[in-house]
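Single-structure report; data block below.
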Amino acid sequence: AQTVTQSQPEMSVQEAETVTLSCTYDTSESDYYLFWYKQPPSRQMILVIRQEAYKQQNATENRFSVNFQKAAKSFSLKISDSQLGDAAMYFCAYVGVGQFYFGTGTSLTVIP
Amino acid sequence: GAGVSQTPSNKVTEKGKYVELRCDPISGHTALYWYRQSLGQGPEFLIYFQGTGAADDSGLPNDRFFAVRPEGSVSTLKIQRTERGDSAMYLCASSLTAGLNSPLHFGNGTRLTVT
């Protein structure tokens with residue numbers, strides 16, 4: 001069975017600084033996608049970034065980038081120039097055939 | 001365009017009662033998912049539909065939980081004989097297809113409280 005592990009229940013970052021959220025996963029599949037979702041207090045889950053497993057190049061979306069290490073099954077999220085609006089729960093998700101698996105989340109606090 | 005709509009946003013019910021939670025996906029999205037999220041946890045998969053049929057219902061915790069999507073659009077999650085342990089946020093998501101590259105678009109959830 002696929003599992004997704006986020007080992008950091010809480011993280012904090014100073015505004016304008018950079019923070020990295022960790023995620024590891026376990027799978028025997030070779031073709032899959034990885035996602036990071038953000039859930040602010042308003043509670044709607046919002047897609048932040050996605051990574052295709054067969055692509056070696058790390059995905060980037062503006063201030064958000066990932067460090068994808070396929071052999072290590074690691075998929076960390078880097079947030080640069082952190083803003084107050086980045087404060088939220090962040091969930092790492094693995095998707096195989098027809099199934100999304102989520103980690104337990106990391107609560108990010110941004111300190112003004 | 002309109003996103004995924006879930007109603008009601010909050011539901012309080014007494015133990016033993018029956019509840020229905022509704023999800024209206026994004027128009028044209030063929031795949032629809034139900035998740036349950038307890039406080040401080042990540043979303044837990046319940047069931048997903050491809051069109052009208054349940055493609056995978058392995059996440060439903062027991063036979064008190066049932067979901068339908070009769071016309072391939074709106075879905076209803078039904079919970080019979082509710083228990084206090086059913087209290088959680090129930091999230092619905094839809095995607096264009098069930099393919100690997102099709103991200104989920106979530107609704108705002110229904111917070112169910114069983115007293």
Side-chain angles (χ1 to χ4, degrees), chain A residues 1-10 21-25 27 29-55 59 61 64 66 75 77 88-108, chain B residues 2-11 23-26 29-51 53-60 88-112:
Chain A
Q2 287 79 10
T3 59
V4 179
T5 302
Q6 293 180 251
S7 59
Q8 306 155 314
E10 297 178 346
L21 309 184
S22 300
C23 174
T24 59
Y25 60 94
T27 184
E29 297 175 353
S30 59
D31 191 16
Y32 52 88
Y33 278 72
L34 298 161
F35 295 79
W36 278 97
Y37 278 86
K38 167 185 176 181
Q39 189 177 39
S42 65
R43 79 192 191 191
Q44 185 174 29
M45 297 273 277
I46 302 166
L47 176 66
V48 174
I49 198 167
R50 81 181 84 174
Q51 174 75 43
E52 303 160 82
Y54 64 85
K55 283 191 176 180
E61 286 285 341
F64 298 88
V66 301
F75 181 58
L77 174 69
M89 283 290 289
Y90 285 81
F91 292 97
C92 175
Y94 165 100
V95 57
V97 179
Q99 257 272 31
F100 271 73
Y101 297 89
F102 288 87
T104 52
T106 296
S107 177
L108 179 65
Chain B
V4 178
S5 175
Q6 288 188 248
T7 54
S9 55
N10 289 283
K11 176 71 177 177
C23 173
D24 199 341
I26 293 172
H29 280 197
T30 62
L32 184 147
Y33 301 75
W34 283 100
Y35 284 84
R36 179 168 67 177
Q37 186 178 22
S38 300
L39 197 62
Q41 299 295 315
E44 173 194 12
F45 170 77
L46 296 177
I47 185 171
Y48 101 90
F49 292 87
Q50 180 62 42
D56 185 347
D57 64 358
S58 62
L60 295 177
M89 177 74 77
Y90 288 82
L91 297 172
C92 176
S94 70
S95 64
L96 194 58
T97 71
L100 296 180
N101 190 28
S102 195
L104 299 183
H105 299 263
F106 284 85
N108 284 337
T110 294
R111 185 176 300 283
L112 175 66

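Throughout, protein chains are lettered first and strands after them, A, B, ... in sequence-line order, and every chain is numbered starting at 1. Note that the structure is predicted; figures quoted are calculated from it, not measured.
- Heavy atoms of S102(B) lying under 4.5 Å from chain A belong exclusively to its backbone.
- Of the listed residues (M89(B), Q6(B), R111(B), H105(B)), the one with the most heavy-atom contacts under 4.5 Å to chain A is M89(B).
- If you measure heavy-atom distances from S38(B) to chain A, you find no contacts under 4.5 Å at all.
- Listed here is the closest heavy atom pair of G42(B) and F91(A): CA-CE2, 3.2 Å.
- Contact annotation for Y32(A): only backbone heavy atoms (N, CA, C, O) come within less than 4.5 Å of a heavy atom of chain B.
- Here the two rings, on Y37(A) and F106(B), have centers that are under 6.0 Å apart.
- We find the CE-CG distance between M45(A) and L104(B) to be 8.0 Å, quoted to the nearest 0.5 Å.
- Contacts with chain B were tallied for Q6(A), E52(A), M89(A), Q44(A); Q44(A) has the most, counting heavy-atom pairs under 4.5 Å.
- Taking CZ of F100(A) as the start and CZ of F45(B) as the end, the distance is 11.5 Å to the nearest 0.5 Å.
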